[in-house]
Q: 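Have a look at the structure that comes next, please.
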Amino acid sequence: MRTTLLVLTLGFIAVPMLMVGWTSIQPDTYPAFPPSGLSLRWWGAALTREWLLPMALSAQVALASAACALLFGSAAAYTLARGTGRGRRAFEAFLAAPLLLPEIVISLSVVQLVSMLDARRLIGPTLLVATHVLIGIPFVLRTVGVSLLGINPVWERAARDLGASAWWAFRTVTLPLMRSGMFAGALFAFIVSFNNVELSLFLTARDSSTLPIRLLQYMEYEYSPTLACVAVTSVVGICVIAGVASRFARLTDFIHGESK
C-alpha cells in the first residue's frame with residue numbers, strides 16, 4: 001500500500017513535467033497524439049534575450065535573497081536553539097509568519113507601505129530581494145533548527161573549556177555540523193524565490209520582469225511551445241543547482257544530523 005501510494009504521488013508530480021518536456025520537442029503548436037515527430041524548432045526562440053534576461057534576473061534575485069535568508073535565518077535558528085528567554089516561542093512564530101500569510105497579502109502590504117512612505121522608486125529588484133528574504137527565512141529557520149537539534153551543546157562548551165573563543169568554537173564545532181541544514185534551507189529559499197509569482201507581480205518594474213512574470217504576461221496574449229522550452233530550461237537549471245549542492249553537502253543529513 002505504501003509503495004503504491006508513493007508511485008502514484010511520484011507519477012502525479014512527474015507526468016505534467018514529462019508533458020512539458022514533450023511539448024518542447026514536438027513540431028506542432030498544439031501537441032497531438034499520436035505524435036508527428038520530433039523537432040527543436042521552438043528552442044531557437046526560447047534561447048534569446050527575450051527569455052534569457054528575465055531568467056538571469058530571476059536567478060540574481062533568487063541568489064541574493066537566498067544568501068540573505070541564509071544569513072538571518074541561520075543566526076535566528078542558532079539563537080532560538082541556544083537561547084533560554086521567555087520570548088523564544090513568540091520570536092519563532094514571528095519569523096515563521098510569512099508561511100501562514102498568503103503571499104498576495106504580503107505583496108499588497110509591501111506596496112501599501114512603499115506608497116505611504118512615498119518610496120515608489122524602490123520598486124524593482126532591490127525591494128523584490130528584500131521581500132523574498134521574508135519568505136525564505138522560515139525555510140532556513142526550520143532546516144537549520146532541525147540540524148541544531150542533533151548537535152549537543154556540550155561539544156561547543158568543551159571547546160570553550162579547552163581555550164577556544166566563542167567564535168572559534170562555533171566555527172570549528174557547530175558550523176560544520178549544521179552545514180547540511182544551511183545548504184538545504186538556502187536551496188529551498190532559492191527555489192521559492194526563483195518561481196515566485198505573487199510577490200513579483202506587484203514589486204517588479206516594467207523594464208525588469210522576472211521569469212515567472214514574463215511567462216504570465218506572454219500567456220495572456222498567445223500560446224507557443226516556446227513556453228515549454230523556457231520551463232524545461234528553468235527546471236533543468238534548478239535540478240543542476242540541487243545536484244551540485246548535494247554533491248558538496250548531503251542535503252538529507254539535516255534530518256538526522258551529520259554525526260549519525
Side-chain angles (χ1 to χ4, degrees), residues 5-66 102-104 106-107 124-125 128-129 131-132 135-136 139 184 186-247 251:
L5 182 61
L6 178 60
V7 170
L8 291 176
T9 302
L10 293 177
F12 180 78
I13 297 173
V15 169
M17 296 178 63
L18 294 176
M19 288 300 300
V20 171
W22 164 245
T23 302
S24 69
I25 58 174
Q26 52 82 40
D28 303 318
T29 302
Y30 296 96
F33 189 84
S36 58
L38 300 176
S39 174
L40 299 177
R41 57 177 293 199
W42 308 109
W43 282 89
L47 300 177
T48 59
R49 289 175 58 88
E50 179 184 6
W51 296 106
L52 293 179
L53 289 180
M55 190 178 299
L57 179 61
S58 290
Q60 292 171 5
V61 170
L63 283 172
S65 60
E103 292 184 5
I104 192 71
I106 299 175
S107 60
L128 195 59
V129 169
T131 311
H132 282 191
I135 62 174
F139 292 96
L187 181 61
F188 291 148
F190 178 89
I191 293 174
V192 169
S193 174
F194 188 88
N195 296 318
N196 186 272
V197 175
E198 293 85 351
L199 295 178
S200 305
L201 187 62
F202 292 93
L203 301 176
T204 53
R206 292 182 179 180
D207 57 345
S208 58
S209 295
T210 59
L211 182 62
I213 300 304
R214 184 69 189 93
L215 288 170
L216 186 62
Q217 292 171 344
Y218 192 93
M219 292 173 61
E220 288 183 13
Y221 301 102
E222 60 180 303
Y223 168 79
S224 169
T226 301
L227 298 175
C229 299
V230 175
V232 169
T233 302
S234 61
V235 169
V236 170
I238 291 176
C239 290
V240 169
I241 292 174
V244 171
S246 181
R247 172 65 179 83
L251 299 180

Q: So how far is it from Ile135 CD1 to Ile106 CD1, rounded to the nearest 0.5 Å?
A: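 If we round to the nearest 0.5 Å, Ile135:CD1 and Ile106:CD1 are 7.0 Å apart.
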
Q: Hey, does Ser24 have a side-chain heavy atom less than 4.5 Å from the side chain of Trp42?
A: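 Contact flag for Trp42/Ser24 side chains = no.
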
Q: Quick one: CG on Leu203 to OG1 on Thr131, what's the gap to the nearest 0.5 Å?
A: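 One gets 5.0 Å once the value is rounded to the nearest 0.5 Å.
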
Q: Is any side-chain heavy atom of Ser209 closer than 4.5 Å to a side-chain heavy atom of Leu57?
A: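 Ser209 vs Leu57: side chains apart.
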
Q: Please report the shortest heavy-atom distance between Thr48 and Gly44, naming the atom on each side.
A: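 In terms of heavy atoms, the two residues are closest at CG2-O, 3.2 Å.
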
Q: Looking only at atom types and distance, does a side-chain atom of Ser193 sit under 3.5 Å from a main-chain N or O of Ala189, one as donor and one as acceptor?
A: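 No.
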
Q: Return a table of donor-acceptor pairs under 3.5 angstrom between the side chains of residues 231-241 and protein atoms on other chains or two or more places apart.
A:
from	atom 1	to	atom 2	distance (Å)
Thr233	OG1	Cys229	O	2.8
Ser234	OG	Val230	O	3.4
Ser234	OG	Ala231	O	2.8

Q: For a 4.5 angstrom cut-off between non-hydrogen side-chain atoms, does Leu187 reach Phe139?
A: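 No, every pair of side-chain atoms sits at 4.5 Å or beyond.
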
Q: Find out whether His132 and Phe190 are in side-chain contact, i.e. whether some heavy atom of one side chain is under 4.5 Å from a heavy atom of the other.
A: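 The answer is no; the side chains never approach within 4.5 Å.
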
Q: Quick one: pull up CD1 in Ile13 and CG in Leu18 and give me the separation to the nearest 0.5 Å.
A: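 Reported value, rounded in 0.5 Å steps: 12.0 Å.
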
Q: Compile the donor-acceptor pairs under 3.5 Å between side chains in residues 210-217 and protein atoms, sequence neighbours left out, one pair per line.
A:
from	atom 1	to	atom 2	distance (Å)
Arg214	NH2	Glu50	OE2	2.6

Q: If you round to the nearest 0.5 Å, how far is CZ of Arg41 from CD of Gln26?
A: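 Reported to 0.5 Å precision, the distance equals 8.5 Å.
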
